[in-house]
Amino acid sequence: MQRTTPPRPLDIESLFPELAAHRGTTTRLHPRPGRPDVSRSSVGGPMLWPADEPWPVCPEVHGRGRGRRPEDVRRERDVLTAAYARKPYSGLTEAEKRLVEELRRDHVVPGASENDPLPLIGLAQLYARDAPDLPPGPDGTDLLQVFWCPFDAHRPTGYSMLLHLRWRRAAEVVDVLASPPRPRVVGYEGYVPEPCELHPERVVTYPFAGLLPEELCARIDAWEEAQEEAGEREDEGHPMNYQYDLSIPPGWRAGGHASWHLTDPYPMDCATCATPMHLLLTVDTSEWDGGSGSWIPVEDRGLRHNPAAVPTGVVVGNHGELNVFGCPADPGHPPRWSVQ
C-alpha cells in the first residue's frame, strides 16, 4: 500500500529563504509487515545471495553461545500483537503472560566457542530502483545489502554493534542461496528484524540545524523560542519545531541528511581516504514518536503506535536510530555509522 507524507505544517523557506540552498531529498522507505521475496527491496526479508558465495559471519571473538532464540523473539511479538489488536485492549491473559515469560528465557548453545563462525543477520536490502536517494554503489552495482551481528560485543568499546555492507549487481546472481545460515541465539531481540515490504516515497528534507550556517541556525532557534512563548501549536499539539516537523523525517530512510540529536554533529570522514562521507541509510526503531507525529503517513493516521509505528521489530540503542555512511570517493571503502 502506498504511504503518503502529509504536507509540512508550514513552508519553512518562506520564513528562511536561505534554506533553499540547502534543500535536498530523502527516500522514506516505510517498511510495513509483508512477505517480500529476493527480488524485492525489504527489511528482514530474504537476500538475493549467490548460492556459491560464503554467507557473511562475525569476524570478532566474543561470547555467542547464550541468548534468546530468534524464533522465540518472533513468537513473543506475535503474542503481543494479537493482544494489542483486541478491543478494548486489556493486556495479556494469564496464559499469555506465562508464555511470554518462557519465550524470554535465555538458551545455551552446547559447545559454542567464542570464535565459532557466527552468521550475521540480514537486516535489509535496497535495490537502487526503489530508493532514488540511495548514493550510488561501486562499479555500477545496483543492490545494497546490510547485515549485522546479533550481539553487542564489538570494538572499540566491547559493547558496540557490528555492521557489514555488500554491494552487488543483481542481474549477476543466477542461483540464489535457498537456506542461509542463521544464528541459533541472539544477544538482543532488537537485532531480529521482522519481514517487511517497503513503500518508498521521496520527500524534501533539510540539514540538521547544527550543520547550517551559524547565523541561520541562530535565527531558527529564535523563531522556535518565539513559537513556544506565543503558544503556537501544530496539529499534534506541540510547538512547531524545525528538527521534528520541518527538516528530517523519522523512520527508515535512504540518503538525505542525518540527524545528530543525541551527540551533536561530529566529522564522519572515510577512514581510508578522509573524504567526508554521505548518508546511505537510516535504520530507525520507530516510524514516528510523540515528537514527530506530523510525519505520520496519511494512511496510518489513527493507528495505535504499537504495533503500527514499530513494524520491523528492530531496536537501535536506547530506542534510537542508526545512521550508516558511505564514501562518495570510493563506495567500496568501509562504511561508518553513528547511533543517535
**Request:** Can you spot which of Thr282, Val43, Leu126 makes a side chain to side chain contact (heavy atoms under 4.5 Å, CB included) with Leu29?
**Result:**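 Running side chain to side chain contact (heavy atoms under 4.5 Å, CB included) over Thr282, Val43, Leu126 with Leu29 returns exactly one hit, Leu126.
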Student check: side-chain heavy atoms of [X] and [Y] closer than 4.5 Å:
X      : Y      : value
Leu144 : Arg166 : no
Phe208 : Gln243 : yes
Glu225 : Glu228 : no
Glu321 : Val283 : no
Trp252 : Thr27  : no
Glu96  : Thr93  : yes
Pro180 : Arg182 : yes
Ile121 : Val186 : yes

**Message:** Working note: Arg98 + Glu101, criterion salt bridge (Lys or Arg N to Asp or Glu O under 4.0 Å); need CA distance, chi angles, decisive distance, verdict.
**Reply:** CA-CA 5 Å; Arg98 290 193 295 271; Glu101 183 178 0; over 6 Å; no
How about [X]: does its [atom1] atom have over 12 heavy atoms from other parts shown lying under 6.0 Å from it?
X      : atom1 : answer
Arg40  : CZ    : no
Arg35  : CZ    : no
His319 : NE2   : no

Expected output: side-chain [X] to main-chain [Y] donor-acceptor under 3.5 Å:
X      : Y      : result
Arg66  : Asp106 : no
Glu194 : Pro33  : no
Thr81  : Asp78  : no
Asp116 : Ala112 : no
Thr157 : Tyr159 : yes
Asn323 : Ser259 : yes

Are [X] and [Y] linked, directly or through other ILVMFWY residues, by side chains that come within less than 4.5 angstrom of each other?
X      : Y      : value
Val316 : Leu163 : yes
Trp167 : Val176 : no
Trp49  : Val146 : no
Tyr206 : Met240 : yes
Leu322 : Leu262 : no

In Å, rounded to the nearest 0.5 Å, how long is the span from [atom1] of [X] to [atom2] of [Y]?
X      : Y      : atom1 : atom2 : result
Thr25  : Arg253 : OG1   : CZ    : 11.0 Å
Leu281 : Asp133 : CG    : CG    : 12.0 Å
His154 : Ser160 : NE2   : OG    : 9.0 Å
Arg64  : Leu118 : CZ    : CG    : 5.0 Å
Gln145 : Ser42  : CD    : OG    : 9.5 Å
Arg28  : Leu198 : CZ    : CG    : 13.0 Å

Between [Y] and [X], do the side chains contain a donor N or O and an acceptor N or O under 3.5 Å apart?
X      : Y      : result
Ser286 : Asp289 : no
Thr275 : His333 : no
Thr26  : Arg202 : no

What heavy-atom pair brings [X] and [Y] nearest, and what distance separates the two atoms?
X      : Y      : value
Phe325 : Ala258 : CZ-CB, 3.7 Å
Asp72  : Leu103 : CB-O, 3.4 Å
Leu10  : Trp223 : CD2-CZ2, 3.8 Å
Arg86  : Leu92  : NH2-CA, 4.2 Å
Asp245 : Pro9   : O-CD, 4.0 Å
Arg32  : Pro297 : NH2-CG, 3.9 Å

**Request:** For Met268 and Ser338, run side-chain contact (heavy atoms from CB on, under 4.5 Å): C-alpha distance rounded to whole Å, both residues' side-chain angles, the deciding distance at 0.1 Å, then the answer.
**Result:** CA-CA 9 Å; Met268 190 59 68; Ser338 168; 3.9 Å; yes
**Message:** Would you call the rings of His305 and Trp288 parallel, tilted or perpendicular, taking 30° and 60° as the class edges?
**Reply:**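 Answer is perpendicular, since the angle exceeds 60°.
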**Message:** Regarding Arg68 and Glu76, does a basic nitrogen lie under 4.0 Å from an acidic carboxylate oxygen?
**Reply:** yes
**Asked** With a 4.0 Å cut-off, would you call Arg74 and Glu71 a salt bridge?
**Response** no
**Request:** For the pair Tyr266 and Trp260, evaluate side-chain contact (heavy atoms from CB on, under 4.5 Å) and give the outcome as yes or no after the intermediate values.
**Result:** CA-CA 8 Å; Tyr266 57 85; Trp260 297 93; 3.4 Å; yes
**Message:** Taking side chain to side chain donor-acceptor pair (under 3.5 Å) as the criterion, tell me which of His199, Glu201, Arg3 meets it with His30.
**Reply:**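 So the option named by the test is Glu201.
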Proximity of [X] and [Y] rings by center, below 6.0 Å:
X      : Y      : answer
His62  : Phe151 : yes
Trp148 : Tyr191 : yes
Trp55  : Phe147 : yes

**Item:** Derivation and outcome, side-chain contact (heavy atoms from CB on, under 4.5 Å), residues Leu279 and Val324
**Value:** CA-CA 6 Å; Leu279 180 67; Val324 184; 5.7 Å; no
**Request:** Establish, for the pair Arg129 and Tyr127, whether the NZ or CZ atom is under 6.0 angstrom from the six-membered ring centre and no further than 45 degrees off its axis.
**Result:** yes
**Message:** Going by salt bridge (Lys or Arg N to Asp or Glu O under 4.0 Å), Arg219 matches just one of Glu224, Glu214, Glu18. Which one?
**Reply:**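 Running salt bridge (Lys or Arg N to Asp or Glu O under 4.0 Å) over Glu224, Glu214, Glu18 with Arg219 returns exactly one hit, Glu18.
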**Request:** Give the C-alpha distance, both sets of side-chain angles, the deciding distance and a yes or no for side-chain hydrogen bond (donor to acceptor under 3.5 Å, both in side chains) between Thr263 and Gln340.
**Result:** CA-CA 7 Å; Thr263 64; Gln340 296 294 313; 2.9 Å; yes
**Message:** Under the criterion side-chain contact (heavy atoms from CB on, under 4.5 Å), I'd like the reasoning laid out for Trp295 against Arg8: C-alpha separation, chi angles, the key distance, then a yes or no.
**Reply:** CA-CA 8 Å; Trp295 293 96; Arg8 295 301 78 217; 3.5 Å; yes
